[in-house]
Q: 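This is the structure I have questions about; it appears just below.
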Amino acid sequence: MSFVSVQHLQKSYAATPVFSDINCEIAKGEFVTLLGPSGCGKSTLLRCIAGLTPVDSGQILLDGQDIVPVSPQKRHIGMVFQSYALFPNMTVEQNVAFGLRMQKVNSDDSHKRVQEVLQLVELKDLAGRYPHQMSGGQCQRVALARSLVTRPRLLLLDEPLSALDARIRKHLREQIRQIQRELGLTTIFVTHDQEEALVMSDRIFLMNQGKIVQSGDAETLYTAPVDAFAAGFIGNYNLLDAEQASKLLQRPVNGRIAIRPESIELNRSGELDALVRSHSLLGNVIRYRIEARGVELVVDVLNRSAQDLHADGQRLALSIDPAALCEVA
Ligand code: ADP
């Protein structure tokens with residue numbers, strides 16, 4: 001049985017619907033990500049689950065119980081926001097203990113639990129600091145500790161890494177995932193960053209315009225996008241319409257075809273003539289704009305040696321692995 005089950009969830013702001021029929025199931029201990037472009041309804045869905053935003057209709061079952069009529073405080077759900085929302089006049093320790101004080105947990109238990117959770121997020125040494133004395137990444141770990149200390153049944157993370165710089169982000173996403181696994185805590189994470197979703201999640205719910213358009217693990221979403229939107233959002237697919245695809249493959253193609261940039265091989269004697277239009281060096285990858293049979297393609301090549309670097313205007317050949325062609329709606 002699912003631990004979280006969202007059924008026919010509907011939410012509008014005034015006359016504008018955000019979503020009209022959201023359905024999803026999440027297993028206990030699973031880490032799922034709501035991924036999608038800004039405005040597609042990710043935060044609204046998360047806030048409906050937390051109880052911060054009222055729903056118009058539908059059910060949200062948590063461990064078998066419909067929580068829609070339950071107040072946010074009684075749902076036992078933890079939530080972390082992009083803006084850490086710490087109390088500036090309280091120390092790390094006091095910030096983390098706050099939720100326990102509200103629950104009237106006695107001070108001995110509270111102290112013990114705060115210490116445990118500070119250890120978990122590696123902030124024990126900073127317990128006496130104030131938020132303004134800490135970096136963004138450290139503040140976000142306090143926010144995480146503050147929601148974990150109440151031992152929530154479900155953890156909701158709304159773009160918690162988006163305000164942090166790239167290096168801290170990468171470190172913190174690993175730390176969050178490790179803690180989540182250690183605690184076996186069912187977690188719903190919201191992001192618009194595909195890489196973050198791919199590396200962190202057991203499962204991804206890809207959203208667009210108020211709908212979950214595809215769900216699956218990272219590999220499924222990456223290798224088998226269901227439609228042009230999914231192909232465009234995950235990976236840097238080349239999306240060809242039927243005419244372009246027929247021209248390139250020299251056979252009749254009826255639908256659209258998506259080809260991943262790394263599944264095209266550039267070589268000196270392949271089946272197709274290719275012309276390098278331009279290239280950019282992305283570190284370990286060189287991204288080429290190639291023209292072949294009048295069709296423009298993006299091709300990613302691993303930057304292993306000088307041989308992989310081709311000048312603009314150079315004539316080459318390319319081959320496409322047929323298994324990497326993906327028909328999309
Ligand atoms: P996302 O998290 O995917 O960026 P949101 O859930 O924040 O998307 O927003 C979904 C849609 O609902 C957007 O069109 C947004 O403008 C609208 N919306 C969100 N919150 C409110 C609100 N409080 N009042 C009116 N419209 C809102």
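The first residue of the sequence shown is numbered 1, and numbering continues consecutively from there. Order of listing sets the numbers, starting from 1, for every ligand and every atom in it.
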Q: Can you find a pair of side-chain heavy atoms, one from L34 and one from I204, that are under 4.5 Å apart?
A: no
Q: Measure the distance from atom 10 (C) of ligand 1 to every protein heavy atom, then report the residue, atom name and distance (to 0.1 Å) of the closest one.
A: G39 O, 3.4 Å
Q: Under a 4.5 Å cut-off applied to non-hydrogen side-chain atoms, are N303 and V285 in contact?
A: no
Q: Which of these, R173, R169, K170, sits in a side-chain hydrogen bond (donor to acceptor under 3.5 Å, both in side chains) with E196?
A: R169
Q: Compute the minimum heavy-atom distance from P37 to ligand 1 and say whether it is under 4.0 Å.
A: yes
Q: Hey, is the main chain of V253 close enough, under 3.5 Å, to the side chain of S246 for a donor-acceptor pair?
A: yes
Q: What atoms of ligand 1 come within less than 4.0 Å of a heavy atom belonging to K42?
A: 1 (P), 2 (O), 3 (O), 4 (O), 6 (O), 8 (O)
Q: Is atom 3 (O) of ligand 1 near the protein, in the sense that some protein heavy atom lies at less than 4.0 Å from it?
A: yes
Q: Which heavy atom in Q7 sits nearest to a heavy atom in L61, and how many Å separate them?
A: NE2-CD1, 3.8 Å
Q: Looking only at non-hydrogen atoms, which of G41, G210, P17, S12 approaches atom 8 (O) of ligand 1 most closely?
A: G41
Q: Please report the shortest heavy-atom distance between A127 and L118, naming the atom on each side.
A: CB-CD1, 3.9 Å
Q: Would you call R177-D202 a salt bridge at under 4.0 Å N-O?
A: yes
Q: Is a salt bridge present between R203 and E30, judged by a nitrogen-to-oxygen distance below 4.0 Å?
A: yes
Q: Does the residue G36 have a heavy-atom contact with ligand 1, meaning some pair of atoms that are separated by less than 4.0 Å?
A: no
Q: Which residue holds the protein heavy atom closest to atom 23 (N) of ligand 1, what is that atom called, and what is the gap in Å?
A: Y13 CE2, 3.6 Å
Q: Among all protein non-hydrogen atoms, which one is nearest to atom 7 (O) of ligand 1, and what is the separation to 0.1 Å?
A: S43 CB, 3.7 Å
Q: Among protein heavy atoms, which lies nearest atom 9 (O) of ligand 1, and at what distance?
A: T44 OG1, 3.8 Å
Q: Examine V18 against ligand 1 and note whether any of their N/O atoms are separated by less than 3.5 Å.
A: no
Q: Return a yes/no value: protein heavy atom under 4.0 Å from atom 27 (C) of ligand 1?
A: yes
